[in-house]
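What's counted below: heavy atoms across the whole structure, side chains too, no hydrogens, waters or symmetry copies. Values in this document were obtained by computation on a predicted structure and should not be read as measured data.
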Amino acid sequence: MANSNSNSHYSKLSQHFQKISHFEHLSALGDWDQATMMPSGGSEARGAAMAELAGHIHELKTADFIEETLNLAADEVLNKEQAANLREMQYQYFQANIVPASLVQSKTQLAYQCEHAWRVQRKNNDWQGFKPNLEALITLVREEAAIRAQAQNITPYDALLSKFEPDMTTRRLEKVFGSLKSWLPQMITQVQANQRNDLKVEIPSFSAKKQEALGRDVMSFLGFDFTQGRLDTSSHPFCGGVPGDIRLTTRFDETDFTQGLMGVIHETGHARYEQGLPKQWRGQPVGGHRSMAIHESQSLFCEMQLGRGAGFLSQLEPLISQHLGAELDSQALTALYTRVESGFIRVDADEVTYPCHILLRFEAEKGLVDGSLAVADLPDFWAENMQNLLGVDTRGNYQNGCMQDIHWAVGELGYFPSYTLGAMYAAQFRYAIEKSLGSVDALVAQGKIQVIFDWLEQNIWSKGCLLSTDALVKQATGEPLNPEYFKRHLEQRYLK
């Protein structure tokens with residue numbers, strides 16, 4: 001991994017970034033613990049400790065020696081992988097150095113306080129209590145965005161996008177999402193009309209304990225390594241930790257086991273990607289995930305391309321019978337998992353209506369960042385757009401409206417587009433797999449799911465950050481992002 005000369009400038013940087021990764025490991029565990037185990041009274045102390053840790057990590061990432069050492073290392077003889085690692089070090093240093101440590105620490109502490117309050121306020125539908133917290137956090141987000149934008153000579157929202165999706169721009173997203181908006185609402189109407197007389201399946205209630213046992217077996221079927229990770233519950237499902245220590249969560253609804261199960265499948269897709277990243281580069285920038293859209297492509301590949309297909313559902317039948325004692329055949333499961341309904345909650349949405357939730361958030365984030373949308377006006381903006389996109393009325397329903405996501409409560413704007421970009425990449429990967437291996441659905445039905453994961457490991461997971469997103473996708477599929485594959489996937493599944 002390192003330059004053969006242990007005293008080289010590259011090796012010095014490699015050791016330093018390894019140290020950073022160790023602190024980031026502990027920070028990830030602090031985040032996971034807050035969401036799963038931490039007593040409610042620990043919020044203030046935890047927020048202060050995590051802010052201190054974030055400040056320390058920021059100091060390590062902006063250490064005085066790094067800039068000169070990066071320049072010196074660029075003149076050394078490096079192999080292709082080391083050169084890519086140096087490139088990622090330069091990118092991380094640049095991104096970290098833009099924002100002053102005082103702002104990083106202030107935003108981290110305020111985000112912890114806002115998130116902790118949000119957990120109670122959302123439950124109580126308390127918009128008036130949440131609003132001042134969000135206003136204070138958005139003020140810091142705008143400050144961060146302005147600083148990042150000036151340093152990179154780009155727009156403030158592009159600067160936030162680049163934190164999650166390097167090289168992605170608002171203009172490119174507007175083109176991709178504009179095309180999506182031109183055909184998706186009509187497709188939703190058509191699919192819902194077609195499904196009007198479809199099989200209606202009644203779902204019995206099952207305890208969270210039984211659902212968790214089912215979820216663990218499904219994770220094993222998907223190849224999750226429990227020696228390097230675990231499953232817990234939280235109010236908002238997520239996959240955290242680090243590649244060798246993955247912390248995955250879901251939430252269970254005893255009246256609808258499908259939500260918790262698909263949450264498990266989705267987060268396991270994230271976890272498989274993390275566990276499949278190149279082991280020889282763990283702790284180095286080039287060994288991390290390529291972008292959040294690529295990360296989401298792996299979770300959505302598992303949940304949508306695999307998890308809602310007839311082949312996968314046929315494999316679920318015996319596991320559901322074993323753990324839940326329910327006789328739900330693949331026809332009933334298909335009816336459950338391909339039902340298209342307009343609803344309030346993004347994370348519970350089907351794959352056809354889901355992008356509408358992202359289109360709304362994309363427009364809201366742009367407005368919140370450039371100041372054209374005030375936090376106080378967010379509920380009205382939300383209600384109007386939900387009505388226009390999905391015909392859903394959210395007036396007065398803040399907990400299932402603009403308060404439903406954790407992202408804004410922790411000050412992370414610019415992330416949401418990654419979800420729909422990820423769905424598009426997932427569809428593109430599926431069609432690439434089928435060109436060489438045949439029908440993905442048929443392979444899973446035949447119990448050959450491992451060959452699909454082998455393709456993903458070879459073409460996506462093992463690449464880490466060696467390539468740019470466009471180069472990674474082009475190398476794997478023969479072309480950069482092509483949203484037409486997503487449209488083709490939805491048409492094949494829902495309009496056949």
Stepwise side-chain hydrogen bond (donor to acceptor under 3.5 Å, both in side chains) check, Gln121 with Tyr398: CA-CA 10 Å; Gln121 290 162 345; Tyr398 309 113; over 6 Å; no
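- Side chain of Glu254 to backbone of Ala208: a donor-acceptor contact under 3.5 angstrom is found.
- Residues meeting the side chain to side chain contact (heavy atoms under 4.5 Å, CB included) test with Val141, sequence neighbours left out: Lys107, Leu160, Leu413.
- Counting heavy atoms from C-beta on, the side chains of His489 and Gln305 come closer than 4.5 Å.
- The side chain to side chain donor-acceptor pair (under 3.5 Å) test applied to His289 returns no partner, not counting sequence neighbours.
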From CA spacing to verdict: side-chain hydrogen bond (donor to acceptor under 3.5 Å, both in side chains), Gln275, Trp461: CA-CA 8 Å; Gln275 291 182 336; Trp461 304 346; over 6 Å; no
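- Evaluation of the side chain to side chain donor-acceptor pair (under 3.5 Å) rule for Gln404 yields Arg361 as partners, not counting sequence neighbours.
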Test side-chain hydrogen bond (donor to acceptor under 3.5 Å, both in side chains) applied to Asp31 and Tyr112, step by step: CA-CA 9 Å; Asp31 287 335; Tyr112 264 84; 2.2 Å; yes
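- Checking side-chain atoms of Arg247 against main-chain N and O of Gly241 turns up no donor-acceptor pair under 3.5 Å.
- Between Thr334 and Gln331 there is no side-chain heavy-atom pair separated by less than 4.5 Å.
- In this structure, a donor-acceptor pair under 3.5 Å is present between the side chains of Tyr494 and Glu351.
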Stepwise side-chain contact (heavy atoms from CB on, under 4.5 Å) check, Trp32 with Phe238: CA-CA 9 Å; Trp32 163 82; Phe238 68 90; 4.0 Å; yes
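- Note: Phe416 and Trp408 have perpendicular aromatic rings, judged against thresholds of 30 and 60 degrees for the angle between ring planes.
- Side-chain contact between Arg272 and Met219: absent, with no pair of heavy atoms (C-beta onward) separated by less than 4.5 Å.
- Between the side chain of Asn133 and the backbone N or O of Cys114, no donor-acceptor pair lies under 3.5 Å.
- Between Leu231 and Phe224, the closest side-chain pair of non-hydrogen atoms is not below 4.5 Å.
- Checking side-chain atoms of Gln211 against main-chain N and O of Phe206 turns up a donor-acceptor pair under 3.5 Å.
- A heavy-atom distance below 4.5 Å is found between the side chains of Ile358 and Arg346.
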Derivation and outcome, ring pair (Phe, Tyr, Trp, His ring centres under 6.0 Å), residues His407 and Tyr419: CA-CA 12 Å; His407 305 61; Tyr419 290 113; 5.7 Å; yes
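- The backbone N or O of Arg251 lies less than 3.5 Å from no partner atom in the side chain of Thr233, so there is not a single donor-acceptor pair.
- Judged by distance alone, the side chains of Arg148 and Gln95 do bring a donor and an acceptor atom under 3.5 Å apart.
- Summarising the geometry of His270 relative to Ser299, their closest heavy-atom pair is NE2-OG, 3.2 Å, with the distance given to 0.1 Å.
- Ala293 is linked by a side chain to side chain contact (heavy atoms under 4.5 Å, CB included) to Glu165, Ser291, Ser418, Leu421, Tyr425, counting only residues two or more places apart in sequence or in another chain.
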Mind listing the side-chain donor-acceptor pairs of residues 440-452 below 3.5 Å, one per line with the distance, residues two or more places apart or on another chain?
residue: Asp441; atom: OD1; partner: Ala310; partner atom: N; Å: 3.2
residue: Asp441; atom: OD1; partner: Gly311; partner atom: N; Å: 2.8
residue: Asp441; atom: OD2; partner: Gly311; partner atom: N; Å: 3.3
residue: Gln446; atom: OE1; partner: Lys448; partner atom: NZ; Å: 3.4
residue: Gln450; atom: NE2; partner: Asp454; partner atom: OD1; Å: 2.8

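- The backbone N or O of Thr338 sits less than 3.5 Å from a side-chain atom of Gln195, completing a donor-acceptor pair.
- Here the side chains of Leu180 and Val176 are not in contact, with every heavy-atom distance at 4.5 Å or above.
- When all heavy atoms are compared, the tightest approach of Ile294 to Ser297 is O-OG, 2.5 Å.
- Sequence neighbours left out, not one pair with a member in residues 187-206 passes salt bridge (Lys or Arg N to Asp or Glu O under 4.0 Å).
- Nearest approach of Ile147 to Pro100, heavy atoms of both residues: CD1-CD, 4.0 Å.
- No donor-acceptor pair under 3.5 Å is formed between the side chain of Asn85 and the backbone N or O of Gly287.
- Evaluation of the ring pair (Phe, Tyr, Trp, His ring centres under 6.0 Å) test over residues 171-197, restricted to residues two or more places apart or in two chains, returns Phe177-Phe362.
- Between Ile246 and Ala271, the closest heavy-atom pair is CG2-CB, 3.8 Å.
- Ionic pairing of Glu88 and Arg290 is present here: one or more N-O contacts between side-chain nitrogen and carboxylate oxygen are shorter than 4.0 angstrom.
- With Asp350 contributing its side chain and Glu341 its backbone, the two residues share a donor-acceptor pair below 3.5 Å.
- Of the possible donor and acceptor atoms, none in the side chain of Ser462 sits under 3.5 Å from a partner among the backbone N and O of Pro278.
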Criterion side-chain contact (heavy atoms from CB on, under 4.5 Å) on Leu261 and His266, from CA distance to verdict: CA-CA 9 Å; Leu261 183 55; His266 178 97; over 6 Å; no
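- Scanning for side chain to side chain contact (heavy atoms under 4.5 Å, CB included) contacts around Ala471 gives Leu467, Ser468, with sequence neighbours left out.
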Pair Phe312-Leu333, side-chain contact (heavy atoms from CB on, under 4.5 Å): steps then yes or no: CA-CA 10 Å; Phe312 188 88; Leu333 290 171; over 6 Å; no
Criterion side-chain hydrogen bond (donor to acceptor under 3.5 Å, both in side chains) on Thr170 and Asp158, from CA distance to verdict: CA-CA 6 Å; Thr170 305; Asp158 281 355; 2.5 Å; yes
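- By the 4.5 Å heavy-atom criterion applied to side chains, Gln428 and Met424 are not counted as neighbours.
- For the residue pair Ser314/Glu317, the side-chain donor-acceptor check at 3.5 Å is not satisfied.
- Between Trp281 and Glu81, the shortest heavy-atom contact is CZ2-CB, 3.3 Å.
- Screening residues 371-383 for side chain to side chain donor-acceptor pair (under 3.5 Å), with sequence neighbours left out, gives Asp370-Ser372.
- For Leu277 against Gly464, the heavy-atom pair with the smallest separation is CD2-CA, 3.9 Å.
- Under the rule for a side chain to side chain donor-acceptor pair (under 3.5 Å), the partners of Lys366 that lie at least two apart in sequence or sit in another chain are Glu174, Glu363.
- Between the side chain of Asn459 and the backbone N or O of Trp455 there is at least one donor-acceptor pair closer than 3.5 Å.
- Applying the salt bridge (Lys or Arg N to Asp or Glu O under 4.0 Å) test to residues at least two apart or on different chains, the pairs with a partner in residues 470-485 are Arg172-Asp470.
- By the side chain to side chain donor-acceptor pair (under 3.5 Å) test, Glu412 is found to be paired with Lys163, residues two or more places apart in sequence or in another chain being considered.
- Side-chain atoms of Val191 and Leu490, non-hydrogen and from C-beta on, never get closer than 4.5 Å to each other.
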